[in-house]
Asks: 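Structure in structure tokens, see below.
Below, chain A is the first sequence line, B the second, and so on; all start at residue 1.
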Amino acid sequence: MNAVAAIVGRRPSVIPGFGITLGFALTYLSLIVLIPIAALILRTSSLTWEQFWAIATNERVVAALRVSFGASLIAAIINAFFGLIVAWVLVRYRFPGRRVLDAIVDLPFALPTAVAGIALTAIFAPTGWVGQFLDPLGIKVAYSVTGIVIALTFIGLPFVVRTLQPVIEEIDREVEEAAATLGANRRQAIARVILPTLLPPLLTGFVLALARAIGEYGSVIFIAGNLPYVTEIAPLLIVIRLEEFDYVGASAIASIMLAISFLMFLAINLIQAWARRRFGHV
Amino acid sequence: MSDLAAAVPARMSRQSPTTESRFTRGVLIGVAIFFLGLFLLFPLLVVFVEALRGGIGAYFAALKEPDTVSAIRLTLLVAAIAVPANLLFGLAASWAIAKYEFRGKALLITLIDLPFSVSPVISGLIYVILFGAQGYFGAWLQSYGIQIVFAVPGIVLATIFVTFPFVARELIPLMQEQGTQDEEAAISLGAGGFQTFWRVTLPNVKWGLMYGVLLCNARAMGEFGAVSVVSGHIRGQTNTMPLHIEILYNDYQWAAAFAVASLLALLALVTLIIKTILEWRFGEELASAGRQGDIR
């Protein structure tokens, strides 16, 4: 107990249990999270740089990363646009059913991805609920990149809304009144006063939705069609490599994706640091 | 859409300078309802309609299939192990982080959140690399006849990984907010460490704890990607409910797939309802970031 306390330089406290709780937490964290992720990186580092580069620039891998990244980007943009409207409406306006809508925003967190995947496919397949009307028009949603974008929009939906809501709630109405008394019309007040305040949380929500979408698997594979080079996402390619017992290939793609996640995490922290400096809040 | 605009009570007869015109409000509310309706309510409705398409008899018959029953049983078993394990971790981690000052605390909090930023597929892959036949410990485990990957232990591990942060990230800010005064008072009055935790700390965080456990459980029962990678997909043995849905769906047993899906959709609805009730009634006693508690 004193050993743990000495290592981390704990300040003295009368409350007992520091050694055992921190010891347990660190052991559990190491066994479940840190060691397995270290194993993944170790497995990848068994490759020479040339071998790794060959996997990373493999045509199919590049195509899969492009599909994942491109579809995620479009989905995140859709979510940023509609998420801003939804968050604004839920905070500022009063209308029947508002609380139900507010609660349902979290559905993508609660609904298993496989369930979302088959439901969206049942809607947008060529014989599906909506697909049967789109198919004669030549619009193919399921089994195309559009389908992937729809699934990724679903799973990323709560992020923008939930990051914006508390910030909109905190906007001081007096600032808007001040803008109005200084002669700004409503459009000017929104463009020059409100939107700049909402930019940091909007960006944060956008990156969160993007990060979540790039790694998403369950909801996409049902609706995507999974055609190599066309509608094959990067996480699926990892699964395929694993099924071929190509552990190193799978690890290499996974490491690229981990690096992308890390960059997103960095981006979020930079946005928040910038927001704190500029606006004094996150 | 004009009906919606009419449904908005006009707060003032004259246009207020700090809100939008009635028309704009109506349009925005309409857009929000359309977007949420299309992307959230519609798929939810489809699950139940497709599940009951063959009639109520066929619905229950599909749920009584032996493979379905064993998938339900496995899902319950996995959640019954993963959730308490992460609950124990969440309590230990938040106690250590909230009640003491030590170096590296910020890093520890960041690391606890790590599983949320990892793709579900990678969450499964890491255990295959460790325990798979060609993994680091694969040969060693095989010599003892222990199978982790493509068996139940692997499914449990992957589930623990993806649900790892839920309880901890709810409890840490909550316990930090509450400080250490209550505990210090209890100790100075002669209470023991465990007594203090049980009588003082736990009652203070019980709603936050429930909130975390609720979200942890929903994810544990619904996880697909991570579990899919480590499962091996043996019918009746290593198929959880989400994996069973995939198998039924790929077998063109649509009604049965949606029947199982409807159970998970019900679970999601119950989770959302309890979550909303907790937020309404005990919002103050949840973490200050309660609204965003489950983001990432």
Side-chain angles (χ1 to χ4, degrees), chain A residues 8-11 13-18 21-22 24-25 28 32-33 36-37 39-40 43 82 85-86 89 93 95-96 101 103-104 106-107 109-116 118-120 122-123 154 157 159 162 166 173 176-177 180 186 208 215 217-218 235 238-239 247 250 254 257 261 265, chain B residues 7-8 17-18 25 28-29 31-32 35-36 39-40 43 46-47 50 89 92-93 95-96 99-104 114-115 117 119-122 125-127 129-130 134 136 160-161 180 183-184 187 193 218 222 224-225 242 245-246 249 257 261 264-265 268 271-272 276 291-292 294-296:
Chain A
V8 295
R10 165 169 76 98
R11 249 184 261 156
S13 161
V14 294
I15 302 170
F18 179 72
T21 53
L22 188 67
F24 174 73
Y28 188 85
I32 298 288
V33 179
I37 288 185
L40 169 73
R43 187 42 73 121
F82 287 101
I85 295 176
V86 169
V89 164
Y93 304 157
F95 56 96
L101 279 191
I104 206 86
D106 281 332
L107 184 73
F109 288 143
L111 193 71
T113 51
V115 178
I118 63 169
L120 291 171
I123 293 174
F154 172 86
L157 197 152
F159 291 96
R162 291 299 188 229
R173 289 268 184 156
E176 291 168 54
E177 280 161 19
R186 188 61 187 159
L208 285 173
Y217 176 72
I238 294 178
V239 173
Y247 285 17
M257 294 189 62
S261 307
F265 176 76
Chain B
V8 180
T18 56
R25 278 184 309 201
L28 289 181
I29 290 172
V31 169
F35 182 67
L36 295 182
F39 275 95
L40 302 182
V46 164
V47 171
E50 292 283 343
F89 165 74
W95 180 271
K99 303 298 174 197
Y100 309 95
E101 289 305 322
F102 57 91
R103 252 181 278 143
L114 189 64
S117 42
S119 167
V121 168
I122 299 177
L125 170 71
I126 53 178
Y127 294 107
I129 288 172
L130 275 182
Q134 294 156 42
Y136 286 109
I160 291 180
F161 183 94
T180 55
E183 283 79 9
E184 278 159 5
I187 302 278
F224 178 79
I245 292 174
E246 186 195 18
Y249 188 84
L264 287 173
T271 302
L272 279 188
T276 308
R291 293 197 70 99
Q292 288 173 264
D294 43 344
I295 271 199
R296 287 170 59 121

Asks: For the side chain of Y93(A) and the backbone of I29(B), is there at least one donor-acceptor N/O pair under 3.5 Å apart?
Replies: no
Asks: Do you know which of A119(A), P36(A), A110(A), A250(A) has the most heavy-atom pairs with chain B at a distance under 4.5 angstrom?
Replies: P36(A)
Asks: How far does CG of L114(B) sit from CD1 of I32(A), to the nearest 0.5 angstrom?
Replies: 13.0 Å
Asks: Determine whether a donor-acceptor pair (N or O, by modelled atom type, separation under 3.5 Å) exists between the side chain of T21(A) and the backbone of W95(B).
Replies: no
Asks: Taking side chain as C-beta onward, heavy atoms only, is L264(B) less than 4.5 Å from L111(A)?
Replies: no
Asks: Under the 3.5 angstrom rule, does the side chain of Y100(B) hit a backbone N or O of L22(A) as a donor-acceptor pair?
Replies: no
Asks: Quick one: what part of T276(B) sits under 4.5 Å from any heavy atom of chain A, side chain, backbone, both or neither?
Replies: side chain
Asks: Mind checking the CG-CD1 spacing from L36(B) to I104(A)? Nearest 0.5 Å is all I need.
Replies: 9.0 Å
Asks: Check whether Y249(B) gets within reach of chain A through its side chain, its backbone, both or neither, counting any heavy atom under 4.5 Å.
Replies: side chain
Asks: Not counting sequence neighbours, which residues clear ring pair (Phe, Tyr, Trp, His ring centres under 6.0 Å) with F82(A)? List them please.
Replies: F35(B)
Asks: Could you pull out the closest heavy-atom pair between P16(A) and I187(B), with the gap in Å?
Replies: CD-CD1, 3.3 Å
Asks: Looking at every heavy atom in both F24(A) and A92(B), which two are closest together, and how far apart are they?
Replies: CD2-CB, 3.5 Å
Asks: Name the option with the most non-hydrogen atom pairs under 4.5 Å to chain A; the candidates are G193(B), P43(B), A257(B), A218(B).
Replies: P43(B)
Asks: Answer yes or no: is there a side-chain heavy-atom contact under 4.5 Å between T180(B) and S13(A)?
Replies: no
Asks: Highest number of heavy-atom pairs under 4.5 Å with chain B: which of I238(A), L120(A), I85(A)?
Replies: I85(A)
Asks: With a 4.5 angstrom heavy-atom cut-off, could you sort out which part of F89(B) is near chain A: side chain, backbone, both or neither?
Replies: both
Asks: In Å, rounded to the nearest 0.5 Å, how long is the span from CG of L272(B) to CG of L107(A)?
Replies: 5.5 Å
Asks: Taking all atoms of both residues into account, what is the closest heavy-atom pair of G215(A) and S119(B), and its distance?
Replies: O-OG, 2.7 Å
Asks: Ring pair (Phe, Tyr, Trp, His ring centres under 6.0 Å) with F154(A): which residues, sequence neighbours excluded?
Replies: none
Asks: Where is the tightest heavy-atom contact between R43(A) and Q134(B), given as atom of each residue plus distance?
Replies: NH2-O, 3.3 Å
Asks: Are the side chains of P115(B) and V33(A) in contact, using a 4.5 Å heavy-atom criterion?
Replies: yes
Asks: Identify the two heavy atoms, one from L125(B) and one from A254(A), that lie closest to each other, and give their separation to 0.1 Å.
Replies: CD2-CB, 3.3 Å
Asks: Looking only at heavy atoms, which two atoms of G218(A) and F224(B) are closest? And how far apart?
Replies: CA-CD2, 3.4 Å
Asks: Chain B heavy atoms under 4.5 Å from L157(A): which part of the residue, side chain, backbone, both or neither?
Replies: side chain
Asks: Is I122(B) close to chain A through its backbone or its side chain, or both, or neither, when contacts mean heavy atoms under 4.5 Å?
Replies: side chain
